[in-house]
Visitor: 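Quick one: this structure, given as structure tokens, is what I'll be asking you about.
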Amino acid sequence: MNKQVDSGQLKGLDRAHHLHPFTDLKDYSEHGGRIVSRAEHIYIYDTDGNKILDGMSGLWCCNLGYSQQAISDAVYAQLQALPFYNNFFKCSNQPAVELARALVEVTPAQFNHVFFTNSGSEANDTNLRLVKRYYDLLGKPHKKQIISRRNAYHGSTIAAASLGGMGPMHAQTWGLDYIHHINQPHWFEEGGDASPEEYGIRVARELEAKIDELGEDNVAAFIAEPVQGAGGVIVPPDTYWPEIRRICDERDILLIMDEVICGFGRTGNWFGCQTFGLEPDLMTFAKAVTNGYIPLGGVMVGDRVADVLLAHGGEFAHGLTYSGHPASCAAGLATLQILRESSIIERAARDIAPHFQARLRELCDHPIVGEVRGLGMFAAVELVRDKGSRERLAPESAGAVLCRDKANANGLMVRQTGNAMIMAPPLVASVAEIDILAEKLTQALDETAAHYGVR
Ligand code: PXG
């Protein structure tokens, strides 16, 4: 940290001028927050001198942690050689070309093209633009309805917020009327007395019912995260994805997988669709593609769609000033190079993820833990007052908020979503660091249980 900085003064200026995302603005302007000043490996440091183990990889971004000098060097070198040029008007740049090629190599075989954006939200907007263009070129302009899921997160532009299924976001958005939502496969929250397997089939078949209700001729696409991340690391029952795959195979609709969180190793494979045996037509990525160092997102466009776009003339009237920004693409290239050469995804899946999942599953015996779920390098711990009835600790997720605050105070950065604690540590964490994470979380759970008098 710059030693000249006065933490109190900085916090005052932050409260005075900075409107924060997904924040109670009145509360923040009165009480402020934490100013993160530097980071190393899997630890962040704030201006009050706290060292915090980052159990959230930034915001599901820094899969390789914070000390990847090669990414910083690549960005710096690129800024010196060509800080910016656009990719419009028949121009391109070397990092964008090379990253496009590298992405084609690491993604499933059907992907041979990429459209770059700056974020996951813009990439999901791009999906809608691509899908419309595809069906227009096929002479099927009536295929316009999009199906998504409740409690999904697809970003925060108007289109992405409409695609997502978060109630509070819809309440604050003039949403798009051609987007429809079916239920999410969240067995612990909504499965009731059904077995997870029965529930998985039942909720998957809502897709079929929705297609029938809207008319297959009118439905363009189904969009989903392989595992809902922001919604609460919701790993669907084993029966869910095979049934969705059957429905997508039988029906003439496109499958869009939003891999913004699952992509680049989080689920134990390069992409979540590989973990679940799915073959999407379009795939959204962002976040870990640059290890979070520089904003970059995009859409991998499968051959089914790309072949149609490329076979017809006429401009695709969509683009962003910074689509394929040279510095972002240099960061992406350096990140992919590390991921490929270090085999970190494979090593994390083999050595670290099983330990992470096993340590968290030990918490199933804790008096306020109702369920532990997860795979690869992310997980959720559901908090309850009563395990049998799944009664919650307190209304409005207050138990999980308290537990999150306790964990943060104990030097562990974890998130709370609803009544669950959620974690997605960097893939470069060691076994010993996973143990520290588990111990700090256990301490927060103990303190939360004591607060609510649950034993
Ligand atoms: N899709 C998914 C699956 C995401 O998780 C986006 C799209 C949007 O990406 P951008 O780059 O536009 O933010 C995301 C982003 C949280 C949280 O609270 C998660 C995200 C963003 C903000 C907060 O977990 N994910």
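What you see below is based on every heavy atom in this structure, not just the backbone, and it leaves out hydrogens, waters and symmetry mates. Every value quoted in this text rests on a predicted model; they were computed, and no experiment measured them. Read the numbers this way: they start at 1 and go in the same order the structure lists the ligands and their atoms.
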Visitor: So if I count the atoms of ligand 1 from 1 in the order they appear, which ones are less than 4.0 Å from some heavy atom of S119?
Guide: 11 (O), 12 (O)
Visitor: Working note: T442 + H366, criterion side chain to side chain donor-acceptor pair (under 3.5 Å); need CA distance, chi angles, decisive distance, verdict.
Guide: CA-CA 8 Å; T442 307; H366 195 280; over 6 Å; no
Visitor: Heavy atoms only: which of C61, G263, A161, S121 lies closest to atom 12 (O) of ligand 1?
Guide: S121
Visitor: Less than 4.5 Å apart, side chain to side chain, heavy atoms only: is that true for E279 and C273?
Guide: no
Visitor: When rounded to the nearest 0.5 angstrom, what distance separates CG in L163 from CD1 in I256?
Guide: 7.5 Å
Visitor: Atoms of ligand 1 less than 4.0 Å from N124 heavy atoms?
Guide: 1 (N), 7 (C)
Visitor: Take atom OH of Y322 as the centre, draw a 6.0 Å sphere, and report whether it contains more than 12 heavy atoms from other residues, nucleotides or ligands.
Guide: no
Visitor: Using a strict cut-off of 4.0 Å, indicate which atoms of ligand 1 neighbour a heavy atom of A230.
Guide: 16 (C), 19 (C), 24 (O)
Visitor: Check each heavy atom of W60 against ligand 1 and say whether those closer than 4.0 Å belong to the side chain, the backbone, both or neither.
Guide: side chain
Visitor: For atom 21 (C) of ligand 1, grab the closest protein heavy atom and report residue, atom and distance to one decimal in Å.
Guide: Y153 CE2, 3.6 Å
Visitor: Just say parallel, tilted or perpendicular for the rings of Y28 and H20, cut-offs at 30° and 60°.
Guide: tilted
Visitor: Starting at NE2 of H451, measure out to NZ of K406 and round the result to the nearest 0.5 Å.
Guide: 7.0 Å
Visitor: In ligand 1, which numbered atoms sit nearer than 4.0 Å to a non-hydrogen atom of H154?
Guide: 1 (N), 6 (C), 7 (C)
Visitor: Return a yes/no value for E225: is any of its N or O atoms, backbone included, closer than 3.5 angstrom to an N or O of ligand 1?
Guide: no
Visitor: Pick one of side chain, backbone, both or neither for how L59 approaches ligand 1, counting any non-hydrogen atom pair under 4.0 Å.
Guide: side chain
Visitor: Could you tell me, atom by atom, which parts of ligand 1 come under 4.0 Å of a heavy atom of I261?
Guide: 5 (O)
Visitor: At less than 4.0 angstrom from any non-hydrogen atom of D258, what atoms of ligand 1 do you find?
Guide: 1 (N), 2 (C), 3 (C), 7 (C)
Visitor: Between R129 and D125, does any side-chain N to carboxylate O distance fall below 4.0 Å?
Guide: no
Visitor: Please check whether V260 reaches ligand 1 - meaning an N/O of the residue sits under 3.5 Å from an N/O of the ligand, judged on distance alone.
Guide: no
Visitor: In the protein, what heavy atom is nearest to atom 11 (O) of ligand 1, and what distance, to one decimal place, separates them?
Guide: G120 N, 2.9 Å
Visitor: When only distance counts, is E122 in polar contact with ligand 1, meaning an N/O pair under 3.5 Å?
Guide: no
Visitor: When rounded to the nearest 0.5 angstrom, what is the spacing between CD1 in I201 and CD in E243?
Guide: 4.5 Å
Visitor: Below 4.0 angstrom, N of the basic side chain to O of the carboxylate: do E382 and R392 qualify?
Guide: yes
Visitor: Quick one: nearest non-hydrogen protein atom to atom 18 (O) of ligand 1, plus distance?
Guide: R415 NH1, 2.5 Å
Visitor: Evaluate the ring planes of H325 and F84, with Trp represented by its six-membered ring, and classify them as parallel (under 30°), tilted (30 to 60°) or perpendicular (over 60°).
Guide: tilted
Visitor: Does the residue Q228 have a heavy-atom contact with ligand 1, meaning some pair of atoms that are separated by less than 4.0 Å?
Guide: no
